[in-house]
Every structure is written in C-alpha cells, then in structure tokens.
Amino acid sequence: MDFIVAGIVKAFQLLLQGDRETYSAVLATVQVSSLSMSVSLLIGIPLGYCLGYADFPGRRSIRTVVDTMLSLPTVFIGLLVYAFISNRGPLGEYGLLFTLSGIAVGQAILALPIVIALTATAVESLDRPLRLTLLSLGASGRQVFLTSIWEARLGLLVAAVTATGRVLTEVGISMMVGGNIKWHTRTITTAIALETNKGQFATGIALGLVLLAIAFAVNLSLSFLRRRA
Amino acid sequence: MDTILRMREVRYTYNGRPILDIGELDIARASITGLAGPNGSGKTTLLKLLSGVEKPASGSVSFMAANTTRSSENTVRQRLCLLPQEPFLLRRRVYDNIAYGLRIRGGRGDLAGYIHEALELVGLDSSFAGRRWNELSGGEAQRVCLAARLVLRPDCLMLDEPTASVDMESARCIRRAVLLARREWGTTLIIASHHRSWLNDICDRIIYLYNGRILACSFDNILTGPWETVDRSTVGCRLSDGQMVYACKPVHTAGSAIVSFSDLDASGPVQERNIKSLQGMINSITLDNKQDVPQAVVSCGDQRFMIKMNGDAQGAKQFWPGQTVTLHYSPEEITWLEK
C-alpha cells in the first residue's frame with residue numbers, strides 16, 4: 001500500500017516540477033487524439049447524418065455493420081493499420097509506421113463508428129416535422145443539413161465525448177502502430193503500461209492523473225455547452 | 001387569368017401507392033383558393049407539391065413559368081411558403097425562429113423591426129420575441145410559425161389546416177393576419193381546411209379533393225356504398241333510414257359516386273320517368289357570400305347532402321331548418337369516381 005501512496009506523492013512532484021518525459025507523453029497524447037478526433041468528426045458527422053436522415057436501400061444493413069464496429073478491439077485495429085502502413089503494406093510508401101500520424105489513423109478508425117452511430121441516433125431522434133418546416137421556409141439542402149446538425153447538437157456532443165474517451169484510453173493502437181518510442185510516439189497510456197512493467201509506479205500514477213484531468217476537462221466542457229444549448 | 005402556380009398531369013405516389021392525380025390546376029395571382037376534402041383526400045400532399053417541398057412522380061409544377069422542384073430553382077421556392085398543420089419551432093427563442101427564414105435569405109444585422117412587426121400581425125406583443133420555443137401554448141406556437149412566414153412576405157402562402165388545433169382567439173388572429181397579407185401585399189393564399197363556412201366566406205374558389213383527385217363539385221354528395229344490385233342495369237345504395245339511392249350500373253365494380261340534386265321540393269315525389277326522389281329534413285340553410293346563392297344541407301338518415309338552391313336568398317325563405325323536403329335526382333346523372 002505504501003508504494004501506491006508514495007507513487008501519488010511522486011506523481012504530484014513530477015507534474016509540478018514539469019518532468020520532461022511525463023509532459024512529452026501528455027503532449028503526444030493531446031496531439032494524436034486531437035488529430036484523430038478532428039478527422040473522425042469531419043467524416044463521421046456527415047456520414048452519421050446521412051445514415052440517420054436519408055432513406056435508401058441497405059440502410060439497415062449499414063447500420064448493423066456500424067453498430068458492430070462499435071466493439072472493434074483496439075489491438076485488431078492496430079494489427080490492420082500496421083499491416084497497411086508497414087513497409088510491405090499497400091500504404092508503406094507514406095512512412096506512417098511509428099509516427100503520431102499513424103497512430104491518429106488507427107484512432108480515427110476506432111472513433112469513426114462511434115461518431116457515425118451516435119450522430120445517426122441523434123438525427124433519428126429529431127422531431128419529424130423539422131425537415132418539412134425548414135423546406136417550407138425555403139431552406140436549401142445544405143441549410144437543412146446545417147440546421148438539423150445544430151438542432152441535434154446535444155447528441156453530437158455526446159458522440160464527440162464518447163469517442164474522445166475511447167481514443168484517449170486506448171493502448172493497443174498506440175502500442176502497435178506507434179511503437180511506444182520515447183520522446184516521439186509514447187502516449188500516456190503506453191507510458192503507463194511501460195512504467196508499470198518497470199515498477200515505476202510514480203510516473204504511471206502521474207500519467208494516470210493527467211488522463212483523468214483531461215477526461216474531467218472534456219466532461220466539464222460538455223456540461224458547460226449543455227447548459228448553453 | 002394571371003396564373004401564379006400551374007400544375008399539369010401531376011402524379012404523386014408513396015411506396016408505389018397513388019396518392020394524388022391532378023390533370024390540370026391553375027392558381028390565380030392574389031386569389032384565395034380553398035382546398036376541401038375528407039382526411040386522406042390529398043390536401044396536404046397537394047400543398048407540399050405546390051410549395052416545392054415534395055416532388056411529383058410525374059408531371060410539372062411551375063411557379064410563374066419556373067419549375068418549383070428543380071434544385072437550381074431554390075430561389076423560386078423561397079418565394080413560396082407553406083405553414084404545416086403541426087406547429088413546429090426550432091429549439092431557439094421566438095426571435096430566432098422568426099429570423100430563420102430571413103437569415104437563410106441573406107438577412108443580416110438587426111432584424112428586430114421586421115420581427116416585431118410580424119409578431120404584431122399575428123396578435124402577439126414584442127415581449128414574445130425573447131421567449132423560448134418551449135414557453136408557448138399550442139395557439140401561440142402556431143401564430144409564431146405564421147409570423148415566421150409572414151415576415152418573408154411570400155408571393156404565395158399555403159396554409160394547411162391553420163386553425164385546426166388552436167383556440168378561438170388564435171384562430172381569429174390567424175384569419176385576420178392572412179387576409180391582411182393578401183390585401184396589403186397581394187399574397188396569393190391557398191388554404192386547406194375542414195372549416196367549410198370559413199372557406200365559403202373568404203375563398204374566391206374552392207377545390208374539392210377526393211381520393212387524390214379534384215372533383216367537379218362539392219364532395220358533400222358522395223355515396224361510398226355498399227351498393228347492391230337492383231336489376232341488370234341498376235344498383236342501389238341503401239341509406240340508414242331505409243331509402244334507396246339508385247344509380248346506373250357502372251362498367252367496373254361500384255365504389256363511390258357523386259349524386260347531383262336538381263333542387264329542393266316541398267311538394268313531394270314527382271312521377272317522371274328517370275327522376276327519383278329522396279325524402280329528407282333540412283338541417284341548415286346558408287348563403288354563399290361570393291355568388292349570393294342559398295344552399296341547404298339536408299339529412300336523409302345519417303347521410304347529409306348539400307343542395308344549391310335555385311333562385312336567390314329571397315326565394316329560400318319558403319324553406320326552413322327542420323322542414324321535410326323532397327330531393328330529386330336522375331340515376332343517369334350519378335357520376336362514378338375512379339378508384
């Protein structure tokens with residue numbers, strides 16, 4: 001028990017003293033998760049809107065596939081991305097293996113089904129007369145899309161926060177695709193795994209506290225936006 | 001006639017089922033057109049097609065010669081406004097709801113003047129502008145929805161059952177506001193409503209819809225059957241009071257038919273070949289304000305018939321509600337409706 005308490009004390013020391021190794025992992029995590037979330041939101045929201053709004057053949061089948069992808073194991077995504085971006089893979093020439101961009105690709109794949117599925121659910125739950133009202137006021141297709149997204153903003157916030165939580169806490173993709181390279185691709189979760197294996201609980205706990213702080217900040221923002229919406 | 005909206009050979013289907021079939025329809029500029037018909041007759045679908053919200057399966061809908069259903073004609077659609085039956089407001093303040101249409105048309109800056117004027121038109125004071133969408137009663141919400149359309153000063157305003165689910169005060173405000181729009185700005189009005197007396201009062205023309213088709217006359221005199229065979233060439237529909245309405249056997253299966261009555265008669269049945277009679281009781285006598293023609297509603301069992309009376313209002317004075325009268329019709333003039 002003492003080593004846990006000592007770890008927590010050490011954690012605060014590392015954070016307050018600005019330990020470079022700790023902050024390097026924090027920075028890598030923030031960079032890679034921001035990139036992957038931006039990509040998944042940019043692609044996922046329009047796709048989720050189409051899935052929730054439009055009526056086309058095969059819609060239900062696509063919805064089932066997307067829902068199934070919600071439970072994709074991170075190590076499996078890591079394996080697939082690794083296979084594609086390694087030197088022998090079809091995308092090997094882009095040199096993405098063991099880079100933050102490579103991790104971001106994997107994390108975007110992880111977050112995309114979450115964003116699509118929850119956006120589709122939010123759009124489906126919009127009041128049915130919304131479309132008729134907007135069209136009857138002369139809105140174009142683009143204006144209907146933007147207004148519907150705004151009306152579904154709370155649902156989209158939930159989608160974004162859920163996906164961010166999954167991206168921040170994954171280990172498999174970062175470890176396999178990023179390689180856990182110190183100063184370079186070491187993220188908070190891979191650093192915690194490594195430090196725990198080495199018996200360095202203080203660094204592990206410090207990084208765990210930072211992860212909690214980020215999650216808290218994200219949820220605080222959500223609750224603030226919810227009140228304003 | 002200066003036509004603002006034109007429909008030609010329009011067919012609309014839903015899941016392969018025909019909903020609307022309109023051969024030809026012209027709406028005159030600055031006119032008030034009423035749409036009457038039972039539930040499911042196609043009034044709402046017709047309004048959606050005229051406003052460009054829905055596209056027909058075939059045929060054309062044009063607004064001053066421009067097609068309303070082409071995406072490139074979005075500017076045309078912006079000159080038409082539809083007020084749906086169910087009031088729906090965006091999850092914003094009343095101000096932003098009314099400003100929405102102006103903003104998507106490029107309106108920027110301080111729109112307060114327009115919004116307060118629109119609120120005033122529908123009988124709401126300026127303090128409503130700050131309220132949220134969920135702080136309004138049903139009647140107030142409907143009036144805000146109307147204000148959101150009036151603020152755009154559309155060339156043509158279509159209203160789907162605008163007073164169906166509102167209190168009397170809201171209904172009065174809505175009626176006053178749309179008539180003002182027509183008087184002040186020359187807005188063409190198309191109103192679908194079950195309030196026949198209101199339509200009779202204000203409309204230049206009433207279009208009767210039944211099963212997605214325009215009827216040549218009022219739908220009041222429709223008999224939906226069942227029809228029974230009387231002889232080789234005649235079928236009959238028995239009314240709840242035991243009287244029978246006779247019609248010539250149709251080529252296809254007997255469905256719904258329109259009966260045309262010549263006039264009211266207080267003297268009783270006539271003995272003329274090809275003329276049949278029904279006994280009924282006058283329910284009401286009203287005056288068609290536009291044509292100054294008295295019309296009577298007569299009950300035969302639980303079936304009601306509307307008869308335009310020959311002569312003027314003075315001549316109608318020999319009849320009164322509660323009086324038993326005879327209605328004359330010719331079985332050969334009963335029109336079968338296509339299914």
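Throughout, a chain's letter reflects where its sequence line sits, starting with A, and its residues are numbered from 1.
- More than 12 heavy atoms of other residues, nucleotides or ligands sit less than 6.0 Å from atom CD of B:Glu135.
- Around the CZ atom of A:Phe56, the shell of radius 6.0 Å holds more than 12 heavy atoms that belong to other residues, nucleotides or ligands.
- For OH of A:Tyr82, the number of neighbouring non-hydrogen atoms (other residues, nucleotides, ligands) closer than 6.0 Å is 12 at most.
- Counted within 6.0 Å of OH on A:Tyr23, heavy atoms from surrounding residues, nucleotides or ligands total more than 12; the atom is thus considered enclosed.
- Residues A:Ser136 and B:Pro84 are in side-chain contact: their nearest non-hydrogen atoms beyond the backbone lie under 4.5 Å apart.
- The two residues A:Arg153 and B:Arg91 have their closest heavy-atom pair at NH2-O, 3.5 Å.
- Scanning all heavy atoms of the two residues, the minimum distance from A:Gly138 to B:Arg105 falls at CA-NH2, 4.1 Å.
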Test A:Leu135 against B:Leu82 for side chain to side chain contact (heavy atoms under 4.5 Å, CB included), laying out the working first. CA-CA 9 Å; A:Leu135 289 175; B:Leu82 167 67; over 6 Å; no

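- Residue A:Phe98 places its CZ atom among more than 12 non-hydrogen atoms of other residues, nucleotides or ligands, all under 6.0 Å distant.
- The 12-atom threshold is not exceeded at CZ of A:Phe84, counting heavy atoms of other residues, nucleotides or ligands nearer than 6.0 Å.
- A heavy-atom distance below 4.5 Å is found between the side chains of A:Thr147 and B:Tyr100.
- Within a 6.0 Å radius of CH2 in B:Trp185, more than 12 heavy atoms belonging to other residues, nucleotides or ligands are found.
- Annotation: salt bridge (Lys or Arg N to Asp or Glu O under 4.0 Å) contacts of A:Glu151 (sequence neighbours excluded): B:Arg92.
- More than 12 heavy atoms of other residues, nucleotides or ligands lie within 6.0 Å of CD in A:Gln31, so this atom counts as buried by the packing criterion.
- In this structure, A:Gln143 contributes its side chain and B:Ile104 its backbone to a donor-acceptor pair below 3.5 Å.
- Residues of residues 140-157 of chain B that come closer than 4.5 Å to chain A, counting heavy atoms only, are B:Ala148, B:Arg149, B:Leu152, ordered by residue number.
- By number of non-hydrogen pairs under 4.5 angstrom with chain B, the leading residue of A:Leu137, A:Thr133, A:Leu132 is A:Leu137.
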